[in-house]
Every structure is written in structure tokens, then in C-alpha cells.
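Values in this document were obtained by computation on a predicted structure and should not be read as measured data. Each chain gets a letter, A, B and so on, in the order the sequences are listed, and its residues count up from 1.
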Amino acid sequence: AQSVTQPDIHITVSEGASLELRCNYSYGATPYLFWYVQSPGQGLQLLLKYFSGDTLVQGIKGFEAEFKRSQSSFNLRKPSVHWSDAAEYFCAVGSSNTGKLIFGQGTTLQVKP
Amino acid sequence: DSGVTQTPKHLITATGQRVTLRCSPRSGDLSVYWYQQSLDQGLQFLIQYYNGEERAKGNILERFSAQQFPDLHSELNLSSLELGDSALYFCASSVNPTSNNEQFFGPGTRLTVL
């Protein structure tokens, strides 16, 4: 069965520090992978996606993610975190024949001044 | 602003009642999705429609039903409501029905069942 695991429920980093949010997936075929961000009281916004090709993908707001098939991982990174990055981050895997997205439990990012 | 609209923003009702949540997709998007976000279950896919037809079904209870109308807006009907149905319900839309199309999410409808 398809599943997504985000091992870290809550992460706190200092402003200006680097960030890595972990995501592991289980999927039978080549997955479609996504990272979404949800600010308080808001809907979800797509940060980046991976379908195929280059395993390092760039997204909006300075985020990037790397697909590692051998580790079934799709970790999200940012070299320098800003206070406005405080939010909840969701990793998701998509089906190739429908639009169904399976989400991880989410990681809440807190940014210290 | 994603271009997806959902009404109402908030809904408070009692157990046993029935409610209807409405979603208007982005202009040009043919596929609509419903997701439920709750503290204990996280963010879960409920159902997908594409051009008026059901395309995929997830963990949607029998008490819940949905449809997509000819003008492409969608409604999610929740009946015989229970306390555990309290959640944030998101609608999303995309141009095509497969996952290699970005889904744009609405702001959600927060349902509180008392």
C-alpha cells in the first residue's frame, strides 16, 4: 500500500540556519512526489514536485528537494530559513492514473529569532 | 489566492444533522478533489471527480457523498454527523485528473459538530 512517513512531527531551527525535513514513501512504481506548505488558517500551497528526470528539484521560496530511490526518500531542504517559513509542511505521493494524493502526517516548523 | 473557492468558511452544527460544503474550482480546471484534515487522521483524500464523473475514491464514509455539476462546481454532503466528523475540509482542483498536474487547494471549510 502507498504511504508517506514524515518522521519529525515538530522541528525548531534558528533564523538563518539550514533546514532539512525528512520524507519517506512507499509506492510500487515510480512515484510522483510533492511538498506542500500550509500556513496557519490557510490552504495548502505547492512548494515543488518530482515526476521524473533530475533527482534534485527546485521549488518556490528557495526550497529544494532530492529524490533518492534507493532510500525511498524525498527530503526537503533550504539553506537559510526565514521567520516567514514557519508553517506546517506536508510530503505527498501521487498515483499515476488518478489525482489521489497520499499525505504524510506533516512537520511543523518553528523558527527562532 | 489559489483561485479555488469554498463556502462556507466555517460551519457549526449538531450531531445527527446534514450539511453541504461547496467548492468552485479554478477557471479551466476539470478535476475536483475533496480532502479531510483532522488532528487524529491527518490529511486524507476523500474523493475525486473529473468532468462530472467520479474518478477515484478514498476513505470516504458512506454517510458522505459528493457530486460535480455541469458547471464543474462540486458539493460534498455530510449526513448523520458525528463529533468525529469535525475537521477542516479542503477542496482542490487541477486541469487534468492525474497526479502529474498541480492541485490547487482552496482555503477550506472548518466544520464543528457539537
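Atom NE2 of B:H10 is surrounded by 12 or fewer heavy atoms from other residues, nucleotides or ligands within 6.0 Å. The number of heavy-atom neighbours closer than 6.0 Å to CZ of B:R26, taken from other residues, nucleotides and ligands shown, is above 12. Atom CG of B:L83 has more than 12 neighbouring heavy atoms from other residues, nucleotides or ligands inside a 6.0 Å radius.
Interface residue A:Q38: only side-chain heavy atoms are found under 4.5 Å from chain B. Only the backbone of A:Q42 has a heavy atom closer than 4.5 Å to any heavy atom of chain B. Residue contact with chain A, scored on non-hydrogen atoms closer than 4.5 Å, is absent for B:S94. Only the side chain of B:L88 comes within contact range of chain A, judged by heavy atoms closer than 4.5 Å.
Considering only heavy-atom pairs separated by less than 4.5 Å from chain A, the leading option among B:K9, B:Q41, B:R55, B:Q48 is B:Q48.
Remark: A:Q105 CD to B:L39 CG distance equals 10.0 Å, nearest 0.5 Å. From A:L44, atom CG reaches atom OH of B:Y35 across 9.5 Å, with rounding to the nearest 0.5 Å. Interatomic distance, B:Q44 CD to A:L101 CG, rounded to the nearest 0.5 Å: 13.0 Å. Put simply, CD on B:Q103 and CZ on A:F34 are 7.0 Å apart, with the number rounded to the nearest 0.5 Å. Within the model, atoms OG1 of A:T98 and CD1 of B:I47 stand 12.0 Å from one another, a figure rounded to the nearest 0.5 Å. Between atom CD of residue B:E102 and atom NZ of residue A:K49 there is a gap of 5.5 Å, rounded to the nearest 0.5 Å.
Between A:Y36 and the choices B:F105, B:F104, B:F90, the ring pair (Phe, Tyr, Trp, His ring centres under 6.0 Å) rule is met once, by B:F105.
Hydrophobic clustering of Ile, Leu, Val, Met, Phe, Trp and Tyr side chains at less than 4.5 Å, counting indirect connections, keeps A:L21 apart from A:F90. Hydrophobic clustering, with ILVMFWY side chains joined whenever heavy atoms are under 4.5 angstrom apart, groups B:L78 together with B:L61. Taking hydrophobic clusters as Ile, Leu, Val, Met, Phe, Trp and Tyr residues chained together by side-chain heavy-atom distances below 4.5 Å, A:L76 shares a cluster with A:V57. B:Y33 and B:Y89 fall into different hydrophobic clusters, where Ile, Leu, Val, Met, Phe, Trp and Tyr residues are linked whenever their side-chain heavy atoms come under 4.5 Å apart, directly or through other members. Hydrophobic clustering (side-chain heavy atoms under 4.5 Å, transitive across Ile, Leu, Val, Met, Phe, Trp, Tyr) keeps A:F51 apart from A:L47.
With a 4.5 Å cut-off on side-chain heavy atoms, B:L43 and A:E88 do not count as touching.
Contact between B:F45 and A:K100 at its shortest, heavy atoms only, is CD2-CG, 3.4 Å.
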